Protein chains: 2
Amino acid sequence: MESQDLKRAGLKATLPRLKILKFLEESKQRHMSAEEVYKALLEAGDEVGLATIYRVLTQFESAGLVTRHHFDEGHSVFELNLGEHHDHIVCVRCGRVDEFVDEIIEERQHRIAEEKGYEMTDHALYIYGICPDCRKTQGRGPRTQGRGKAN
Amino acid sequence: MESQDLKRAGLKATLPRLKILKFLEESKQRHMSAEEVYKALLEAGDEVGLATIYRVLTQFESAGLVTRHHFDEGHSVFELNLGEHHDHIVCVRCGRVDEFVDEIIEERQHRIAEEKGYEMTDHALYIYGICPDCRKTQGRGPRTQGRGKAN
DNA sequence: TTCTAAATGCGAAAACTTCTCATTCCGTTC
DNA sequence: GAACGGAATGAGAAGTTTTCGCATTTAGAA
């Protein structure tokens, strides 16, 4: 009964919220756009308005249940928080996303914020590259759509 | 004569492109949205269509003259490339942006990409926090608009 | 100066996200 | 378990940011 999860997060356990949370938990994809959640629920016969999806995901974010990411795509993707923090490495060819944690980087970030006089609240680290599969398939991968990003 | 810069980048030296490049070079702000460039040029009497701004900035990006960033704001900001790579620390209160370079983090990133089998093409690291000025002014900073971001 | 491909401007439109407000639902009270 | 009140939802309108289409203009070569 995950309505408890919602209550604990300070949210009323409504049907749409339960459906969305359940979907995020059961989906094999970790990173979903609002649109993707919408379509997936539609197909599953659970119709939830797109505006509601956006509202709920934003609430989930405020409640700490999910994290919103801005990869290089122009729209937000959401990820269920499972406790452990991690960063992402994203394939610029096919969109595949892998995760990693690096204590040394974490530590350096805190130090840098401190040196600059900032009170660090958060951070985002994305590495972009070509994933192992796409490197084999030199002739350009499935979801061709890559743009650089650095500095 | 920066038309040479454009030629060198493989771009025809048109008036709009020259104006935009000149503006980016002379602006004290390093990170500008398309809209901001548009308005600034307007005020300076150099009218350039917004669509052109977007087109030109995208071309500049492809040519390696500028870098496009997606901070936590929902729109892109562009930064003139001055050679040296760096990452950013962004104030979630007032929007201030500071820059830093950390060799250790750079090195770890390459190592991680390698371990994961990726061919690294790029990366983006943003630290979010509250800048020294906003920490003093506890009662909420100027451009209040903050959202977390992590994982 | 003339010519041609490329670039621009403008408005329309697409993509993503938020807002408005009437209707419905949750959860508490009786 | 029916009634109530405030919160949540749905649907569409509207807001933002960005791209597109096409007629017109421009850069640069002849």
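Numbered from 1 within each chain, the chains take letters A, B, ... in sequence-line order. Bear in mind that the values here come from a model prediction, so they are computed numbers and not experimental data.
Taking only side-chain atoms of A:Ala51, from C-beta outward, the nucleotide of C:dG9, C:dC19, C:dG27 with the closest atom is C:dC19.
Where B:Leu11 and B:Ser33 each meet DNA chain D at their nearest nucleotide, the meeting point lying more 5' is that of B:Ser33. Between B:Leu15 and A:Thr52, the one whose closest nucleotide on DNA chain D sits nearer the 5' end is A:Thr52. For B:Leu50 and B:Lys12, each mapped to the nucleotide of DNA chain C holding its nearest heavy atom, the one lying further toward the 5' end belongs to B:Lys12.
Spacing between atom NE2 of B:His70 and atom P of D:dT17 amounts to 13 Å, rounded to whole angstrom units. Rounded to an integer number of Å, the gap from B:Leu41 CG to C:dG9 C1' is 15 Å. Spacing between atom OH of B:Tyr38 and atom C1' of C:dG11 amounts to 12 Å, rounded to whole angstrom units. A straight line from CZ of A:Arg17 to P of D:dA7 spans 12 Å, rounded to a whole angstrom. D:dA27 atom C1' lies 14 Å from atom CD of B:Gln4, rounded to whole Å. Atom-to-atom, CZ of A:Arg68 to P of C:dT18 comes out at 6 Å; the value is rounded to the nearest Å. For the pair B:His69 NE2 and D:dT18 P, the interatomic distance rounds to 14 Å; values are reported in whole Å. We find that CD of A:Glu36 is positioned 15 Å from P of C:dA15, with the value rounded to whole Å.
Look at A:Glu99 and A:Arg30 and you find a salt bridge, because one of the NZ, NE, NH1 or NH2 atoms lies within 4.0 Å of a carboxylate O, short of that distance. The pair B:Arg135-B:Asp133 does not count as a salt bridge, with every side-chain nitrogen at least 4.0 angstrom from each carboxylate oxygen.
Between A:Phe71 and A:Tyr126, the distance from one ring center to the other falls under 6.0 angstrom. Side-chain rings of A:His70 and A:His75 stay apart, their centers remaining 6.0 Å or farther from each other. Proximity of the aromatic rings of A:His110 and A:His123 is defined here by a centroid distance below 6.0 angstrom, and this criterion is not met.
Neither OP1 nor OP2 of C:dA7 sits under 4.0 Å from any side-chain N or O of B:Arg55. Taking 4.0 angstrom as the limit, A:Thr14 places a side-chain polar atom (N or O) nearer than this to OP1 or OP2 of D:dT9. Between B:Tyr54 and D:dT19 there is no side-chain N or O to OP1 or OP2 distance below 4.0 Å. For the pair A:Ser76 and C:dT17, the criterion of a side-chain N or O lying under 4.0 Å from OP1 or OP2 is met.
The residue B:Ala34 sits apart from the nucleic acid: no heavy atom pair falls under 4.0 Å. At a threshold of 4.0 angstrom between heavy atoms, the contacts of A:Glu47 are confined to the sugar-phosphate backbone, with no base atom among them. Nucleic acid contact for B:Lys19: none, since no nucleic acid atom lies under 4.0 Å from a heavy atom of the residue.
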